[in-house]
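Structure first, then comments.
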Amino acid sequence: MHKYFAKPLFLGKKIEFLTECHSTNDELLKRVRYGDDQEGYILYTDHQTKGKGQRGNAWISEPKQNLLFSILLRPKGLSVRSSHYLNLIAGLAICHVLDEQFGFESELKWPNDVYVNDRKIAGILVETILEGYQVDDAIIGIGLNVNQGYFSLPTATSVKIESKQAHIDRMDLLESIVSAIEAQYLFLKSQAFEKIQSRYYQKMRWRGELHTFKDAEGTLEGEIIGIDETGRLLVKTFNQLKRFDVKEIEFLH
Ligand code: BTN
């Protein structure tokens, strides 16, 4: 994979490729801690030996088949309460590219799993370094299944499987996604929170539908209304409006 983008983006001015690493998020974090913290720094790899997912899960990906990368953002002035917008813009950017280039109708399963035809195609892990109540550095880690043709998990899929294309150029896709993140990030920088949220709602899987969930007290039926000001999920049951953090709810059916 080559290391420069054709389009002039402010994200991706610095790009580093590693044939293998534990986790691109951890590698980028290491560089930030050594003071190498240029906004837009992208680190990508062909293989992660300790890829990290949300909720402490592992992110497993076949070597040389998929996109595994992290981008450093430095969203000046973004409060911790609004830091979930970083997840939203990354998810929206991936959906935009997948829909535009492959004709998918992708969806975002709260908080930010990207789904195509009811199966997960990409995951996002945002890690932040805070300065008081504000986000100083944010590492946006993205794993997008591109050319992998088989998954042991029946709930996973790839661009190749869903598009039925023989082979997808990963570097082209990386450049398109970075360009789309840049566009969304500019909205965030101009504090267009409502615009981002309404776009997220258009993509939000199960929003406005009745579904079954599991929380600490057992199963519950409810309708996803949206998210609150800190990114918690809002579910309306027959008699109350409930709010959930990521670890507090499981989507059943
Ligand atoms: C999820 O659980 O859905 C989030 C998965 C995020 C995986 C990506 S791959 C690149 C980056 N490095 C990591 O260790 N994780 C993220």
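We count ligands from 1, going down the list as the structure has it; atoms in each ligand are counted the same way. Small disclaimer: the values here were computed from a predicted structure and weren't measured.
- Protein heavy atom at the shortest distance from atom 3 (O) of ligand 1 is Lys120 NZ, 2.6 Å.
- Tracing side-chain contacts under 4.5 Å through hydrophobic residues (I, L, V, M, F, W, Y), one never reaches Val159 starting from Tyr115; they form parts of separate clusters.
- Ligand 1 does not have Asn57 within reach: every non-hydrogen atom of the residue lies 4.0 Å or more from it.
- Closest non-hydrogen pair, Lys203 versus Glu105, comes out as NZ-C, 4.4 Å.
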Stepwise side-chain hydrogen bond (donor to acceptor under 3.5 Å, both in side chains) check, Asn239 with Thr237: CA-CA 5 Å; Asn239 64 352; Thr237 67; 3.3 Å; yes
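- Using a 4.0 Å cut-off between a side-chain N of Lys or Arg and a carboxylate O of Asp or Glu, Asp118 and Arg205 qualify as a salt bridge.
- Across every non-hydrogen atom of Asn25 and Lys52, the tightest pair is CB-CE, 4.3 Å.
- Closest heavy-atom approach to atom 12 (N) of ligand 1 within the set Glu127, Gln48, Lys52: this belongs to Gln48.
- The closest approach between His22 and ligand 1 stays at or above 4.0 Å for every heavy atom of the residue.
- The shortest N or O to N or O distance between Ser70 and ligand 1 is not under 3.5 Å.
- Shown here for Gln48 and Ser23, the closest heavy-atom pair between the two residues is OE1-CA, 3.5 Å.
- Using a 4.0 Å cut-off to heavy atoms of Gln54, the atoms of ligand 1 that qualify are 1 (C), 2 (O), 3 (O), 4 (C).
- Of all non-hydrogen atoms in Asp169 and Asp172, the two that sit nearest each other are OD1-N, 2.9 Å.
- Leu144 and Leu18 are assigned to two separate hydrophobic clusters, defined by single-linkage of ILVMFWY side chains at heavy-atom distances under 4.5 Å.
- Below 4.0 Å from some heavy atom of Gly51 lie the following atoms of ligand 1, by number and element: 14 (O).
- Looking at Ile124 against ligand 1, only its backbone comes within 4.0 Å, counting heavy atoms.
- Proximity to Ser23 (heavy-atom distance under 4.0 Å) selects the following atoms of ligand 1: 12 (N), 13 (C), 14 (O).
- Atom numbering of ligand 1 starts at 1 in the shown order; those under 4.0 Å from a heavy atom of Phe69 are 10 (C).
- Under 4.0 angstrom from ligand 1, there are no non-hydrogen atoms of Arg55.
- Salt bridge annotation for Lys120-Glu107: absent, with no cationic side-chain nitrogen under 4.0 angstrom from a carboxylate oxygen.
- The Asp113 neighbourhood of ligand 1 comprises atoms 3 (O), with distances under 4.0 Å to a heavy atom of that residue.
- In this structure, Val32 is not a member of the same hydrophobic cluster as Ile140, with clusters built from ILVMFWY side-chain heavy atoms closer than 4.5 Å.
- At the shortest separation from atom 5 (C) of ligand 1 among protein heavy atoms lies Trp59 CE3, 3.3 Å.
- Close approach of ligand 1 to Thr24 (heavy-atom distance below 4.0 Å) involves ligand atoms 10 (C), 11 (C), 12 (N).
- Numbered from 1 in the order shown, with element, the atoms of ligand 1 that lie under 4.0 Å from a heavy atom of Gly53 read 1 (C), 2 (O), 4 (C), 5 (C).
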